[in-house]
Amino acid sequence: MKATEVLNDLKRRFPNEPEYLQAVEEVLSTIEDAYNEHPEFDRYNLIERLCIPDRIFSFRVSWVDDKGKVQNNMGYRIQHNNAIGPYKGGIRFHSSVNQSILKFLAFEQTFKNSLTTLAMGGGKGGSDFSPKGKSDMEIMRFCQAFIAELWRHIGPDTDVPAGDIGVGGREVGFMYGMYKKMARENTGTFTGKGIEFGGSLVRPEATGYGNVYFLLNMLATRNIDIKGKTVAISGSGNVATYTAKKLLSLGAKVVTMSDSNGTIYVPEGISEEQLDYIFKLKNIYRGRIKEFADEYGCEYFDGGRPWSVKCDIAMPSATQNELDGDDAKMLLANGCFAVSEGANMPSTREAVHEFINSKILYAPGKAANAGGVSVSGLEMAQNSQKLVWTAEEVDSKLKRIMSDIHTQCVKYGKNEDGYTNYVKGANVAGFMKVAKAMMGQGIL
Ligand code: NDP
């Protein structure tokens with residue numbers, strides 16, 4: 001396999017899908033050598049079958065807003081690969097959603113889920129519907145209309161969706177309720193459900209906590225203590241807030257958070273009370289991060305990102321391509337020595353290049369943010385057993401999984417000079433398991 005040839009062919013066939021091509025390029029460039037050590041992979045044209053999703057559903061979602069006007073959005077589900085388990089991956093509601101973004105997310109999800117050590121394939125779905133500014137009733141009507149189409153393609157052993165940007169506990173609840181009504185079963189399709197109806201304890205916290213656990217594993221390889229370290233976080237949603245919460249409990253200083261309008265900067269570190277304010281602002285009042293700056297009188301970068309501030313560690317936790325090459329240079333110049341990604345593909349190609357060339361600790365999202373889907377896997381296990389595990393049990397399993405992912409990354413990513421390239425490590429480890437599972441099951 002020649003990575004450039006495969007990529008050029010995909011570029012020709014899918015010319016309008018830049019995010020998808022970006023994600024594929026990163027994986028192909030790191031797995032090429034490992035792939036070519038197995039000539040049998042090429043005989044079965046494994047790489048092309050792994051890059052192109054098994055199937056894509058796309059559909060119109062029509063719903064009625066509070067003014068009685070009919071609105072139409074697009075809905076999608078990408079079932080990327082189910083070689084090691086049912087398709088599994090979140091649903092994103094955001095005005096930017098299109099097929100390219102969901103294809104990149106489903107592709108990444110396949111390797112991430114493989115890394116978790118659990119039996120889950122990769123998928124992703126969503127809509128260009130934006131929950132921002134919508135009433136609860138509008139969101140409910142939209143979720144029901146979305147599931148009225150999607151329900152026939154998902155199920156506990158075929159495809160298990162969850163949340164993502166714009167889809168939290170409220171949206172998952174509405175979608176799961178409709179799914180149950182249509183499918184006439186109660187087996188837990190969907191993870192991230194309310195704890196009263198099959199959700200797992202620690203699922204809301206899992207992506208943020210898991211990212212911090214992964215970071216601790218990386219820091220341990222250089223004997224660095226998290227206590228007292230300054231951390232810049234982007235985003236103020238699910239992943240960002242629970243990342244901040246865990247960091248605060250470990251004595252680190254979180255100096256930034258953001259949303260799509262701007263960034264708050266608190267040089268002395270956000271307090272627990274202030275974090276609580278952000279949590280309520282975002283989840284109950286659905287406000288903007290600027291309101292935090294107005295309330296506490298801190299600095300606010302209107303339209304700006306967090307990456308220009310002085311910090312030891314950066315944890316991008318908002319969205320894809322939110323940290324570019326110039327941002328990376330700025331972080332490095334300011335002394336940043338670790339980057340652990342809560343979001344999916346938040347760093348551009350150029351930024352990744354900067355981080356790896358400077359040999360800082362750099363964890364790509366597919367390893368560092370795998371805690372969310374891991375606890376989703378644990379939620380599926382609890383639903384199958386009809387049992388509920390304690391928060392301590394789930395948290396200790398999460399810690400173990402993040403540590404196992406770290407071990408796999410080091411195993412496949414350690415260079416001769418001792419530097420661990422976590423991008424290569426995560427890609428090769430994730431790829432090998434899926435590839436062997438595909439080989440074992442024939443050409444499908
Ligand atoms: P939320 O919707 O809870 O929060 C998203 C945050 O990112 C908000 O602060 C939002 O600001 C900001 N944001 C979204 N789009 C943009 C944009 N284009 N530019 C700048 N800021 C933006 O989502 P999550 O916290 O769940 O997800 C965040 C990231 O983590 C995503 O990349 C997601 O794929 C990834 N992830 C999430 C997992 C989970 O369990 N939830 C699991 C693994 C990965 P605003 O309010 O202004 O839109």
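Order of appearance sets the numbers: ligands from 1, and atoms from 1 within every ligand.
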query: If you measure from each non-hydrogen atom of Ala206 to ligand 1, which part falls under 4.0 Å: side chain, backbone, both or neither?
result: neither
task: Can you label the angle between the Tyr265 ring and the Phe301 ring as parallel, tilted or perpendicular, going by 30° and 60°?
output: tilted
Which of the ligand 1 atoms, numbered from 1, are nearer than 4.0 Å to a heavy atom of Lys132: 45 (P), 47 (O), 48 (O)
- prompt: Under 4.0 Å from atom 33 (C) of ligand 1, do we find at least one protein heavy atom?
  reply: yes
- request: Using only heavy-atom distances, determine whether the side chains of Asn369 and Asn344 contain a donor-acceptor pair under 3.5 Å.
  value: yes
message: So is Ser258 touching ligand 1 or not, going by heavy atoms under 4.0 Å?
response: yes
field: salt_bridge(Glu185, Lys180) N-O dist < 4.0 Å
entry: no
query: Do Asn369 and ligand 1 have an N or O pair less than 3.5 Å apart?
result: no
- request: Say whether Arg203 and ligand 1 are in contact under the criterion: heavy-atom distance to a ligand atom below 4.0 Å.
  value: yes
message: At under 4.0 Å between heavy atoms, is it the side chain or the backbone of Pro346 that contacts ligand 1, or both, or neither?
response: neither
task: Identify, by atom number and element, the atoms of ligand 1 in contact range of Gly342, meaning under 4.0 Å from any of its heavy atoms.
output: 30 (O), 35 (C), 36 (N), 44 (C)
- request: Hey, could you give me the OH/CD1 distance between Tyr300 and Ile264, rounded to the nearest 0.5 Å?
  value: 9.5 Å
- request: For ligand 1, indicate whether the residue Gln109 contacts it via side chain, backbone, both or neither (heavy-atom separation under 4.0 Å).
  value: neither
- request: May I ask which of Thr263, Asn344, Thr319, Val373 has a heavy atom nearer to atom 16 (C) of ligand 1 than the others do?
  value: Thr319
Glu25/Arg349 salt bridge by N-O under 4.0 Å criterion: yes
task: Could you check atom 23 (O) of ligand 1 against the protein and tell me its nearest heavy-atom contact, residue, atom and distance included?
output: Ile165 CA, 3.4 Å
- request: Please state which part of Glu322 comes within less than 4.0 Å of ligand 1, counting heavy atoms only: side chain, backbone, both or neither.
  value: neither
task: Measure the distance from atom 28 (C) of ligand 1 to every protein heavy atom, then report the residue, atom name and distance (to 0.1 Å) of the closest one.
output: Ala318 O, 3.2 Å
Solution key, residues 310-321 side-chain donor-acceptor pairs under 3.5 Å, sequence neighbours excluded:
unit_1 : atom_1 : unit_2 : atom_2 : d
Lys310 : NZ     : Asn334 : O      : 3.2
Asp312 : OD2    : Thr230 : N      : 2.8
Ser317 : OG     : Met315 : O      : 2.9
Gln320 : OE1    : Arg92  : NH1    : 2.9
Asn321 : OD1    : Gln22  : NE2    : 2.9
Asn321 : ND2    : Gln22  : OE1    : 3.1

message: So if I count the atoms of ligand 1 from 1 in the order they appear, which ones are less than 4.0 Å from some heavy atom of Gly235?
response: 9 (O)
field: Heteroatom distance test (Val239, ligand 1): nitrogen or oxygen, under 3.5 angstrom
entry: yes
query: In terms of side-chain heavy atoms, does Tyr296 have a donor or acceptor partner in Glu273 at a distance below 3.5 Å?
result: yes
field: Contacts of Ser95 that satisfy side-chain contact (heavy atoms from CB on, under 4.5 Å) - sequence neighbours left out
entry: Ser130
- prompt: So, does Gln320 sit close enough to ligand 1 that a heavy atom of it is under 4.0 Å from the ligand?
  reply: no
query: Against heavy atoms of Ala343, which atoms of ligand 1 measure under 4.0 Å?
result: 29 (C), 30 (O), 32 (O), 35 (C)
- prompt: Ion pair present between Arg141 and Asp66, side-chain N to carboxylate O less than 4.0 angstrom?
  reply: yes
- request: Check whether any N or O atom of Asp164, backbone or side chain, sits under 3.5 Å from an N or O atom of ligand 1, and answer yes or no.
  value: yes
- line: Out of Gly237, Ser96, Gly208, the nearest non-hydrogen contact to atom 8 (C) of ligand 1 is supplied by Gly237
query: Going by heavy atoms, is Gly168 under 4.0 Å from ligand 1?
result: no
message: Under a 4.0 angstrom heavy-atom cut-off, which atoms of ligand 1 come close to Arg92?
response: 31 (C), 32 (O), 33 (C), 34 (O)
message: Go through it in stages, so that I can follow the logic: the residues are Phe129 and Phe146, the test is ring-ring contact (aromatic ring centres under 6.0 Å, His included), and I'd like the CA-CA distance, side-chain angles, deciding distance and then a yes or no.
response: CA-CA 10 Å; Phe129 168 82; Phe146 182 81; 9.2 Å; no
- request: May I ask you to decide whether Glu108 forms a salt bridge with Lys366, counting only side-chain N to carboxylate O separations under 4.0 Å?
  value: yes
- prompt: Any idea which of Pro316, Gly89, Ser260, Gly126 brings a heavy atom closest to atom 20 (C) of ligand 1?
  reply: Ser260
- request: Looking only at distances, please establish whether an N/O atom of ligand 1 is found under 3.5 Å from an N/O atom of Asn238.
  value: yes
statement: Between Lys124 and Arg77 the two heavy atoms that sit nearest each other are C-NH1, 3.4 Å
query: Quick check: does Thr207 get an N/O under 3.5 Å from an N/O on ligand 1?
result: yes
query: Distance under 6.0 Å and angle within 45° of the ring axis: does Lys280 meet both against Tyr285?
result: no
field: Any N/O pair Gly166/ligand 1 closer than 3.5 Å
entry: yes
- prompt: Which one holds for His94 and ligand 1: side chain close, backbone close, both close, or neither close, with close meaning a heavy atom under 4.0 Å?
  reply: side chain
- request: Mind checking whether Asp259 contacts ligand 1 via backbone (N, CA, C, O), side chain (CB onward), both or neither, at a 4.0 Å heavy-atom cut-off?
  value: both
- request: Give a yes or no on this: more than 12 heavy atoms of other residues, nucleotides or ligands lie within 6.0 Å of atom NZ of Lys433.
  value: yes
- prompt: Touching ligand 1 at all, Arg288? Heavy atoms, strictly under 4.0 Å?
  reply: yes
query: Does Asp159 come within less than 4.0 Å of Lys88, counting only side-chain N to carboxylate O?
result: no
- request: Report, in ascending order of atom number, the atoms of ligand 1 lying under 4.0 Å from any heavy atom of Ser236.
  value: 9 (O)
message: Please give me the minimum heavy-atom distance between Gly377 and Met120, naming the atom from each residue.
response: CA-SD, 3.8 Å
- prompt: Do the charged groups of Lys193 and Glu379 touch, with an N to O distance under 4.0 Å?
  reply: yes
